Q: 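Dropping the structure in here first, questions after.
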Amino acid sequence: MSSTKKITVTAVAVTLGLVVLSACGSSSDSGDKGDDAKSVTLVSHDSFNVSKDVLKAFEKSSGYKVNVLKDGDAGAAVNKAILSKDNPQGDVFFGVDNTLLSRALDNGLFQSYEAKGSDQVLSQFRVDQGKHRVTPVDSGDICVNYDKKYFADKKLAPPKSFEDLTKPAYKDLLVTENASTSSPGLGFLLGTAAQYGDDGWQGYWKKLKNNGVKVVDGWEQAYNEEFSGSAGGKKAKGERPLVVSYASSPPVEVLYAKPQPKEAPTGVATGTCFRQVEYAGLLSNAKNEKGGKALLDFLISTEFQDDMPLNMFVNPVRETAELPELFVKHGVKIDKPETMAPKKIADNREQWVKSWTSLVLK
C-alpha cells in the first residue's frame, strides 16, 4: 500500500513523539548491540501510521519505547538507508517494496530474522524464504485515481486504462511521481512496462509526455497538492483531476470528511494498476537487535494488521486479519493488477529508470 503510500493525512499525523536520530554512534561497550536498551527505532517512509492505543499496548507488553523516524518518500528513504547502513538511523526499516527489494538485499541492508507469526502470512507475499531478511507487512495496488466531480462537470467519462491516458480528451490532466525517487512513481512505470513490454513502454511514455503528464517528486505533493479530488488538493487548489495513487485511496476521502459522504469523491481507473508489496527488515547494524526483532513481530501481529487498513490504507498480509467495513465499501478491489517477477524488476529497474528519466524529464 506506503510509501508507501501510502495515504497520509496531515490532520491525523502520528503522534508518536517522533525522534530524529543521527546516523552516527557505535555499538554498546558490552558488545551486545544494545539488546537491553529501553527504546527501539523504526525508520520508514512518510506514510507510516498506527493507532496510539495499539502502539501503547505493544510498548507496555514489550517494554520498549518506539521511536519513529520518517524519512521521505519510500524510494528516497530506501536510498538513505543503504547509504547509512554501516551506522543506521534505527533498528528496523519498514517500507521497502517489491519494486526496490532487490536493491536493498543486494546492498546488505538487512540481517536474517524470521518474525513470529510469519507462518500466518499469505503465501503469495512470502519472499527470501531461505534467509528471511525481510518480513511482508502489507500489499496495495498503485493505480490512477480520478476526481469524480471534475469528470461529471465536464460530462467526460474518466479513463479506465493505460491507453486511455494518452487520448486527447485527457491532455494535461494527469500528475504522477518521479520514478527515480518515489515508489508509486516507480510502480506506475513498472505497470506500463508490464503492459507494453520491453519494447513498447518507452513509446507509451512518449505519448504520455506529449499528452501533458506532469511529474513531481513524491506522492505527498502529487496527491495532497496537485490532485483536485483530494481534500488536501482542494485546499491547495490543485488543478490535475488524475493522479497516480492507490486503489485504497478513496476511503481516506470518506473517513476524514466532515460530514462523511455516502460515496467517495474519488474513483479508480482499474486498468492502470500495479501490485505493490511492502516489507520490513532488521537493519544489518541495528544497535538494538532484540528490540528490533520484537518490533518486527509486532508488525505482523493480529493487532497491527487489523489496525493498518484505516491508518495506512493498505491491505494486510496476515491470513486472519479483518478488513474494516469502510475500507471494504469505499476501497476498490483490483482483480487483475499488472505484476512483474522480482528477478525481472531487479534485472531491468536501473536501466528503465535511467531511460525514463532521459525520456520524460529532459
Side-chain angles (χ1 to χ4, degrees), residues 1-5 73-76 78-79 96-103 106 139-146 158-219 222-223 226 240 242-247 268-278 334-362:
M1 97 286 4
S2 159
S3 274
T4 306
K5 170 315 236 184
D73 199 284
V78 171
N79 290 338
V96 59
D97 65 27
N98 51 314
T99 70
L100 297 166
L101 183 60
S102 64
R103 179 186 295 170
D106 291 347
S139 73
D141 293 306
I142 296 168
C143 310
V144 169
N145 284 205
Y146 59 86
K160 296 180 179 180
S161 65
F162 286 113
E163 195 62 32
D164 283 350
L165 298 173
T166 67
K167 294 178 178 178
Y170 307 107
K171 186 175 178 62
D172 297 330
L173 301 188
L174 174 66
V175 58
T176 188
E177 301 85 359
N178 190 324
S180 67
T181 58
S182 165
S183 62
L186 178 56
F188 186 61
L189 167 59
L190 294 178
T192 63
Q195 172 76 19
Y196 294 99
D198 297 357
D199 299 325
W201 72 264
Q202 293 191 50
Y204 172 79
W205 275 93
K206 288 179 182 177
K207 291 180 182 179
L208 210 56
K209 182 178 182 180
N210 290 337
N211 212 38
V213 64
K214 183 174 185 176
V215 179
V216 297
D217 286 341
W219 179 89
Y223 190 85
E226 299 287 345
R240 297 264 165 164
L242 298 173
V243 64
V244 173
S245 191
Y246 292 85
V268 175
T270 57
T272 65
C273 302
F274 180 81
R275 176 64 49 84
Q276 180 187 56
V277 183
E278 285 194 305
I334 306 302
D335 293 323
K336 294 181 179 180
E338 296 292 344
T339 59
M340 188 174 289
K343 187 178 187 307
K344 187 171 180 65
I345 295 175
D347 289 346
N348 294 281
R349 181 186 58 239
E350 303 304 328
Q351 183 54 50
W352 283 348
V353 170
K354 184 178 179 180
S355 297
W356 178 89
T357 300
S358 297
L359 180 67
V360 180
L361 300 185
K362 296 180 179 178

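Throughout, numbering of the chain's residues begins at 1 and tracks the sequence. Since the model is a prediction, treat every value here as computed from it, not as a measurement.
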Q: Show me the donor-acceptor pairs, under 3.5 Å and distance only, between side chains in residues 199-207 and residues at least two apart or in other chains.
A:
from	atom 1	to	atom 2	distance (Å)
Y204	OH	F162	O	2.6
W205	NE1	T192	OG1	2.9

Q: For G191 and E338, which heavy atoms make the closest approach, and how far apart are they?
A: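 Looks like O-CG, 3.8 Å.
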Q: Quick one: does any side-chain atom of T272 pair with a main-chain N or O of V144 as donor and acceptor, under 3.5 Å?
A: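 Yes, the answer is positive, given that a donor and an acceptor are paired below the 3.5 Å cut-off.
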Q: Quick one: which of L242, V243, V213 gives a side chain to side chain contact (heavy atoms under 4.5 Å, CB included) with L173?
A: L242
Q: Specify the closest pair of heavy atoms between Y246 and P184, including all atoms of both residues, with the distance to one decimal.
A: OH-CG, 3.3 Å
Q: Excluding sequence neighbours, so at least two apart, what forms side-chain contact (heavy atoms from CB on, under 4.5 Å) with V353?
A: S180, L186, L189, R349, T357
Q: Determine the minimum heavy-atom distance between A222 and V175, stating which atoms define it.
A: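 Looking at all heavy atoms of both residues, the shortest contact is O-CG1, 4.0 Å.
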Q: K336: which residues meet the side chain to side chain donor-acceptor pair (under 3.5 Å) condition with it, sequence neighbours left out?
A: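 Partners of K336 by the side chain to side chain donor-acceptor pair (under 3.5 Å) criterion come out as none, since no residue qualifies.
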Q: Taking only residues two or more places apart in sequence, or in another chain, which ones meet A76 in a side-chain contact (heavy atoms from CB on, under 4.5 Å)?
A: none
Q: How would you list all residue pairs meeting salt bridge (charged side-chain N to carboxylate O under 4.0 Å, His left out) that involve residues 167-184, not counting sequence neighbours?
A: D164-K167
Q: Does the side chain to side chain donor-acceptor pair (under 3.5 Å) test come out yes or no for W219 and S182, once each step is laid out?
A: CA-CA 7 Å; W219 179 89; S182 165; over 6 Å; no
Q: Looking at every non-hydrogen atom in both residues, tell me the closest pair between Y146 and V268 and how far apart they are.
A: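 Where Y146 meets V268 most closely, the heavy atoms are CE2-N, 3.4 Å.
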Q: Where do L165 and Y170 come nearest, in terms of heavy atoms and distance?
A: O-CB, 4.3 Å
Q: Is there side-chain contact between M340 and N98, with heavy atoms separated by less than 4.5 Å?
A: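 No, every pair of side-chain atoms sits at 4.5 Å or beyond.
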Q: Going by the rule side chain to side chain donor-acceptor pair (under 3.5 Å), which residues pair with T99 if we only count those two or more places apart in sequence or in a different chain?
A: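 With neighbours one apart ignored, the set is D97.
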Q: Hey, could you give me each pair passing salt bridge (charged side-chain N to carboxylate O under 4.0 Å, His left out) that has a residue in residues 185-196? Not counting sequence neighbours.
A: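 Pairs touching residues 185-196 that pass the test: none.
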Q: Looking only at heavy atoms, which two atoms of A269 and P159 are closest? And how far apart?
A: CB-O, 3.3 Å
Q: Who pairs with N348 by side-chain contact (heavy atoms from CB on, under 4.5 Å), at least two apart in sequence or on another chain?
A: K344, W352
Q: Not counting sequence neighbours, list each pair that qualifies as a salt bridge (charged side-chain N to carboxylate O under 4.0 Å, His left out) and has a residue in residues 352-362.
A: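 Every pair satisfying salt bridge (charged side-chain N to carboxylate O under 4.0 Å, His left out) with a residue in residues 352-362: there are none.
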Q: Is there a donor-acceptor pair closer than 3.5 Å between any side-chain N or O of T181 and the backbone N or O of D217?
A: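 Yes; judged by distance alone, with no hydrogens or angles, the pair exists.
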Q: For residues 178-194, which residue pairs qualify under salt bridge (charged side-chain N to carboxylate O under 4.0 Å, His left out), counting only residues two or more places apart or in two chains?
A: none
Q: Measuring from atom CG of D141 to atom SG of C273, what distance do you get when rounded to the nearest 0.5 angstrom?
A: 5.5 Å
Q: Is any side-chain heavy atom of L361 closer than 4.5 Å to one of N178?
A: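 Touching, per the 4.5 Å side-chain cut-off.
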Q: Are C143 and I334 close enough that some pair of their side-chain heavy atoms sits under 4.5 Å apart?
A: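 The answer is yes, as the side chains (C-beta and beyond) meet within the 4.5 Å cut-off.
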Q: Could I get the full list of side chain to side chain donor-acceptor pair (under 3.5 Å) partners for N211, not counting sequence neighbours?
A: none
Q: Could you work out, with side chain to side chain donor-acceptor pair (under 3.5 Å) as the rule, every residue matching R240, not counting sequence neighbours?
A: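 For R240, no residue satisfies side chain to side chain donor-acceptor pair (under 3.5 Å) once neighbours in sequence are set aside.
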Q: Kindly indicate whether the side chain of Q195, heavy atoms from C-beta on, has any atom under 4.5 Å from the side chain of F274.
A: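 Result no, sub-4.5 Å side-chain heavy-atom pair not found.
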